[in-house]
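Take a look at the structure below.
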Amino acid sequence: MACSDYEKNITSCNCTYPGCPRKGSCCACLRHHLSRNELPACAFSNTVERTWDRSFTKFIESNK
Ligand code: SF4
């Protein structure tokens with residue numbers, strides 16, 4: 001199912017991971033990462049996002 005807010009979402013997506021089919025589809029993105037005990041790119045600063053470490057541990061460490 002296509003995301004009806006794709007155009008709006010993609011303009012604010014900070015994810016630098018190339019080729020991801022979920023980019024701009026926030027519900028699919030969030031579902032994917034939560035199922036892996038991770039958070040999506042937009043939960044992180046641009047600097048931390050570029051590490052592609054989406055773990056809760058990284059989130060806590062980067063928000064101390
Ligand atoms: S955060 Fe993950 S699922 Fe979301 S667009 Fe980036 S790589 Fe894809």
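We count ligands from 1, going down the list as the structure has it; atoms in each ligand are counted the same way.
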Under 4.0 Å from any heavy atom of [X], which atoms of ligand 1 are there?
| X | answer |
| --- | --- |
| C20 | 3 (S), 5 (S), 7 (S), 8 (Fe) |
| A41 | 1 (S) |
| C15 | 1 (S), 5 (S), 6 (Fe), 7 (S) |
| K23 | 5 (S) |

Would you check, one step at a time, whether the test side-chain contact (heavy atoms from CB on, under 4.5 Å) holds for E49 with N14? CA-CA 8 Å; E49 185 285 324; N14 70 338; 4.0 Å; yes

Can you check whether I10's main-chain N or O pairs, donor with acceptor, with K23's side chain at less than 3.5 Å? no

When you measure from the side chain of S25 to the backbone of A28, do you find a donor-acceptor pair of N or O atoms at a distance under 3.5 Å? no

Ignoring hydrogens, just give me the one of H33, R54, R31 whose non-hydrogen atom is nearest atom 3 (S) of ligand 1. H33

Going only through I, L, V, M, F, W and Y residues with side-chain contacts under 4.5 Å, is there a path from Y6 to L30? no

How many angstroms lie between CZ in R54 and NE2 in H32, if you round to the nearest 0.5 Å? 9.0 Å

Which residue owns the protein heavy atom closest to atom 4 (Fe) of ligand 1, what's the atom, and how far is it? C29 SG, 2.3 Å

